[in-house]
Amino acid sequence: MSEPPALYLTGIMRSYAQGERSLDILRGAELAIWPGEIVALVAPSGTGKSTLLHVAGLLEKPDAGEIYVGGEPTSLLDDRGRTGLRRTHIGFVYQSHHLLPEFSALENVVLPQLVAGLTQREAERRASELLGFLGLGERLKHRPAELSGGEQQRVALARAVANAPHVLLADEPTGNLDPETAEHVFGTLVTLVRATGLAALIATHNLSLAARMDRRLTLLDGRIVDMDEAAARQ
Ligand code: ADP
Ligand code: MG
């Protein structure tokens, strides 16, 4: 039997109430991402990229539809079950790093592992290995404010994958970086995905980065469309 998608979303509906009206953001969105794939999500602002990532990351519940993580449906899980699954299977990276300012790079990567039940020693070993892999071996003791924007995002990346998730979701992770730094952070991300067999879904406005991912998706009227197929049809 073949491997299930790392992440599979089907029939996803999500609306927000706006006064008397309802704003239908996702209208039957479908998506499957396999282990080892890096997929770009490129769509104009306000079309629902963040909403989709939050739903995929079990941070927000859809109004309808199902999210399968590693082949397992998630809609019947209670809050604890969702949180547990998110902690072990899903990593999230935001546009701004969201690191804890009073903790070092190392501690920021250690913390989620302690929450997941690793010992301090194991967590520190893995955190320094990961940060070293991401080129931050000399920055372990630095606090976020003592790091450059690109370094902060690489620490955020290390934190997101600290518990060896199967899925990495990134919401415009290089959006605040200059083009050269964005390129470097993206290069690190690709290396990480290739080395671990993660499945990654990355919302970005950067078309040259998107061009280097395995597939490009966009949102059209609340549904997910393959950009390359849409372009080929025209
Ligand atoms: P994107 O990430 O593509 O810019 P979002 O997913 O953030 O888009 O938002 C999609 C639309 O949904 C926007 O029009 C936004 O204003 C609206 N929206 C997002 N979150 C909420 C919310 N919590 N309440 C009401 N409207 C929201
Ligand atoms: Mg957004």
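Both ligands and their constituent atoms are indexed starting at 1 by order of listing. Note that the structure is a prediction, hence the values are computed from the model and not measured.
- Each of the atoms 5 (P), 6 (O), 9 (O) of ligand 1 lies under 4.0 Å from some heavy atom of Thr51.
- Ligand 1 has no N or O atom lying under 3.5 Å from any N or O atom of Ile25, backbone or side chain.
- Ring orientation note: the planes of Tyr68 and Tyr8 are close to parallel, at an angle under 30° on the 30°/60° scale.
- The protein heavy-atom contact nearest to atom 10 (C) of ligand 1 is Gly46 O, 3.4 Å.
- Residue contact annotation: Gly48 has a non-hydrogen atom under 4.0 Å from ligand 1.
- Taking CG of Leu7 as the reference point, atom CG of Leu168 lies at 11.0 Å (rounded to 0.5 Å).
- When side chains are defined from C-beta on, Asn108 counts as touching Leu100, because their heavy atoms get closer than 4.5 Å.
- Not counting sequence neighbours, His205 has no partner by the ring pair (Phe, Tyr, Trp, His ring centres under 6.0 Å) test.
- The nearest protein atom to atom 27 (C) of ligand 1, hydrogens excluded, is given as Tyr16 CD1, 3.2 Å; this is a heavy-atom distance.
- Protein heavy atom in closest approach to atom 7 (O) of ligand 1: Ser50 CB, 3.6 Å.
- Less than 4.0 angstrom separates some heavy atom of Ser45 from each of these atoms of ligand 1: 4 (O).
- With values rounded to the nearest 0.5 angstrom, Asp63 atom CG is found 13.0 Å from Arg27 atom CZ.
- Taking CG of Leu131 as the reference point, atom CZ of Arg126 lies at 10.5 Å (rounded to 0.5 Å).
- There is a protein heavy atom less than 4.0 angstrom from atom 24 (N) of ligand 1.
- Taking a cut-off of 2.8 Å, the protein N, O or S atoms nearer than that to the Mg ion (ligand 2) are Ser50 OG.
- In this structure, CG in Leu114 is found 9.5 Å from CG in Asn163, a value given to the nearest 0.5 Å.
- Of all the atoms in ligand 1, the ones that sit under 4.0 Å from a non-hydrogen atom of Pro44 are 3 (O).
- A 4.5 Å side-chain heavy-atom check between Val167 and His89 finds every atom pair outside the cut-off.
- Other cluster members for Val42: Leu207, Met227, joined by side-chain heavy-atom distances under 4.5 Å among Ile, Leu, Val, Met, Phe, Trp and Tyr.
- Considering only residues two or more places apart in sequence or on other chains, Thr188 meets the side chain to side chain contact (heavy atoms under 4.5 Å, CB included) condition with Leu134, Arg154, His184.
- Protein heavy atoms are absent from the 4.0 Å sphere centred on atom 15 (C) of ligand 1.
- Rounded to the nearest 0.5 Å, atoms CG (Leu52) and CG (Asp171) are 10.0 Å apart.
- Within ligand 1, the atoms closer than 4.0 Å to a non-hydrogen atom of Lys49 are 1 (P), 2 (O), 3 (O), 4 (O), 6 (O), 8 (O), numbered from 1 in the order shown.
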